[in-house]
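Reading through the structure tokens given below for one structure.
Hydrogens, waters and symmetry mates play no part in the numbers below; they use all other heavy atoms, side chains included.
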Amino acid sequence: MSGTKTRPASRTRSWWGWGWADAHPDDAECTAMGALLPGTLARPLPVPRVRDLRIARPAVEPPASLAHLVDTDPGQRAAHAMGKAYRDVVRALRGRPGRIPDLVARPRDERDVAALLDWAGDRQVAVVPYGGGSSVTGGVEYRGDAHRAVLSLDLTAMDRVLEVDAEGRAARIQAGTLGPALEDQLRPHGLTLRHFPQSFEFSTLGGWLATRAGGHYATGRTHIDDFVQSMRVVSPAGTSASWRLPASGAGPSPDRLFLGSEGALGVITEAWVRLQERPTHKASASLAFADFQAALRAVRAIAQSDLLPANCRLLDAGEAALSGAAHDGSAVLVLGFESADGPVSTRLEQAVGLARSHGGRRGTDPAGDGAPADAAVSAWRSAFLRMPYLRDGLARMGAVAETFETAATWDRIPGLIEAVRDEVGAAAVKASGHPATVNCRLTHVYPDGAAPYFTVLAAGRPGDEVAFWDDLKAVASEVLHRHRATITHHHAVGRDHRPAYDRQRPDPFALALRAAKGALDPRGILNPGVLVD
């Protein structure tokens, strides 16, 4: 069955910051936020304008056969120059976005992708695959000068659900399909991919696959890897098309080669993905803990049960206060369950019981099937969606407001969290002379470990914010390495994480990855600098 293409609403995306241009804090709100951080600017930096950038003429022109796919508009080129990390936002605010692509191409099908790659290879043009542009690790920008020109390969014109297998609960979907359009096309079938990263509104299926994205759900199937049946990937060496299978033991998985490859080995064009029935039963609750270590033990107990909550977010006291979930110094555990098959209240109560046995105090207004979520749950959800916009507002005040995430085994989690708080906080004070806030929440939990997600708030060094953040991130990366915690749980490697990734991966694997890069991309045009040189 074919899906119907969904037309986006007529809102304007911000070229320099997160999300919608009309959703950013105004000057007064920025100033009010900055007042809470001593050492920030007296007034916000102006919203950057494309016309103030120095954008050179394209260094190449496409052939007539491809010209209809290519855009040279300065605004489009600037919007494709970077992702949406804090350092990207600050560079745009300071008028230093880096290398702006010469061309933006929007292929409509695989033949267009192959033709663009052939032309780019012949002309020594770097090709940077681009979905929603929500990368926070430098994954969609070009750094360096080894190529004659840069082409941003925007896949969002390939945005359809091509086929739905309702009996097998799977769908064949083009890689450029943004999250809302994907779900809109599945909704008439009563099915859902059930993959909702924070960037859901502004990211694509292909981007999720290329970065091994993690969804909102805290347990069970949450990484996009878990949903893949098969993939099609176009590379300069040809098209890889794996078989659609429920499982296979036939050698190393071809899909695993391209999952997380970030466009360095090929361009993902479509995939068969596993679907689920849309949930109709939901229940949620929150619990407060006076002792964060006890809260960690409670979360571990829940993760090691067979309850599989959809949401199991633990917010430390700072994160709870920041989101409005608690203001009394308590850590807060947000629990949620959902199902398409039947009520989930019993499972919620079992999880609450486990949390209580470790000192958790139940929220005053718990939610069950059909009941409203309690105040802490609602506050956290609202803050979760609003936070990227507030980050950009703080950046306009010269503040550092950024996050990073990791994962480690349970035996390392307490020491890791403490070390990050202490060492990153101390580094910020040393670099700026002002205290910093380093908060932590657990976003995903597993029987054998968890994924801590850190938020850093500090007054920056005006005019030197990028270097300041890079220094803090270097300290954080060193702490992660010392505790054998991954450099990224779901944000991908990009260019920002390359140094730490090079230390983390085994040398024989690096050798194999370089060989794969050389075989699939012999001219070295695909997203240069990502994963391997």
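Only one option out of L209, V228, V233 pairs with F258 in a side-chain contact (heavy atoms from CB on, under 4.5 Å); it is V233. Each of L322, V456, L315 was compared with N439 under the side-chain contact (heavy atoms from CB on, under 4.5 Å) criterion, and only L322 meets it. When each of V60, L103, L117, V104 is tested with L151 by the rule side-chain contact (heavy atoms from CB on, under 4.5 Å), just one qualifies, namely L103.
The pair D88-K84 does not count as a salt bridge, with every side-chain nitrogen at least 4.0 angstrom from each carboxylate oxygen. A salt bridge does not link D464 with R94: none of the charged nitrogens is closer than 4.0 Å to a carboxylate oxygen. Between D112 and R106, no side-chain nitrogen of the basic residue sits less than 4.0 Å from a carboxylate oxygen of the acidic one, so the salt-bridge criterion is not met. We find that K473 and E402 are not joined by a salt bridge, their nearest charged nitrogen and carboxylate oxygen being 4.0 Å or further apart. The existence of a salt bridge linking D392 and R396 is excluded, since no basic side-chain nitrogen approaches an acidic carboxylate oxygen closer than 4.0 Å. Between R498 and D533 there is a salt bridge, with a side-chain nitrogen of the basic residue lying less than 4.0 Å from a carboxylate oxygen of the acidic one. Using a cutoff of 4.0 Å between basic side-chain nitrogens and carboxylate oxygens, R91 and E141 are scored as salt-bridged.
The aromatic rings of H80 and Y130 sit tilted, their planes meeting at an angle between 30° and 60°. Note on ring orientation: taking the six-membered ring where Trp is involved, the planes of F200 and W208 are parallel (angle under 30°, cut-offs 30° and 60°).
Atom CG of D502 sits about 10.0 Å away from atom CG of D507, to the nearest 0.5 Å. For the atom pair CG (D22) and CZ (R13), the distance works out to 12.0 Å, reported to the nearest 0.5 Å. Expressed to the nearest 0.5 Å, how far CZ of F509 lies from CZ of R514 amounts to 11.0 Å. Atom OG1 of T403 is separated from atom CE of M387 by 10.0 Å, given to the nearest 0.5 angstrom. Here the OG1 atom belonging to T269 is positioned 5.0 Å from the CE atom belonging to M158, to the nearest 0.5 angstrom. In this structure, OG1 in T204 is found 10.0 Å from CG in L182, a value given to the nearest 0.5 Å.
For the pair T222 (side chain) and A218 (backbone), a donor-acceptor distance under 3.5 Å is absent. Between the H24 side chain and the W18 main chain, a donor and an acceptor come within less than 3.5 Å of each other. A distance-only check finds a donor-acceptor pair linking the side chain of Q504 to the backbone of I487 [under 3.5 Å]. Between the side chain of D159 and the backbone N or O of G176 there is no donor-acceptor pair closer than 3.5 Å. Here the side chain of S432 pairs no donor or acceptor atom with the backbone of G460 at under 3.5 angstrom. Using modelled atom types, no side-chain atom of E262 and backbone atom of T211 make a donor-acceptor pair closer than 3.5 Å. A donor-acceptor pair under 3.5 Å is absent between the side-chain atoms of R484 and the main chain of T409, judged by distance alone. H497 places a side-chain N or O within donor-acceptor distance of the main-chain N or O of A492, the cut-off being under 3.5 Å. With hydrogens and angles ignored, the 3.5 Å screen pairs no side-chain donor or acceptor of E465 with any backbone N or O of R87.
Counted within 6.0 Å of CD on E61, heavy atoms from surrounding residues, nucleotides or ligands total 12 or fewer; the atom is thus considered open. Atom CZ of R143 sits in a crowded spot, with more than 12 heavy atoms from other residues, nucleotides or ligands closer than 6.0 Å. For CG of D145, the number of neighbouring non-hydrogen atoms (other residues, nucleotides, ligands) closer than 6.0 Å is 12 at most. Heavy atoms of other residues, nucleotides or ligands lying less than 6.0 angstrom from CD of Q293 number more than 12.
Taking the ring centroids of H444 and H490, they lie under the 6.0 Å cut-off. Taking the six-membered ring where the residue is Trp, the centroids of F202 and W20 are separated by under 6.0 Å. For an aromatic pair to be called close, the ring centres must be under 6.0 Å apart, and Y453 with H491 satisfies this.
Side-chain atoms of S152 and D154 form no donor-acceptor pair, as typed in the model, at a separation below 3.5 Å.
Here the closest heavy-atom approach between residue D316 and residue F292 is recorded as CB-CE1, 3.6 Å. The shortest non-hydrogen separation linking V530 to R495 is CG2-NH1, 3.4 Å. G139 and S135 get closest at one heavy-atom pair: N-OG, 3.0 Å. Between V273 and I173, the shortest heavy-atom contact is CG2-CD1, 3.7 Å. In terms of heavy atoms, R99 sits closest to H147 at NH2-O, 3.9 Å. Contact record, L155 with I268: CD1-O, 3.8 Å, taken as the closest heavy-atom pair.
Relative to the ring axis of Y86, R391 does not place its NZ or CZ within 45° and under 6.0 Å from the centre.
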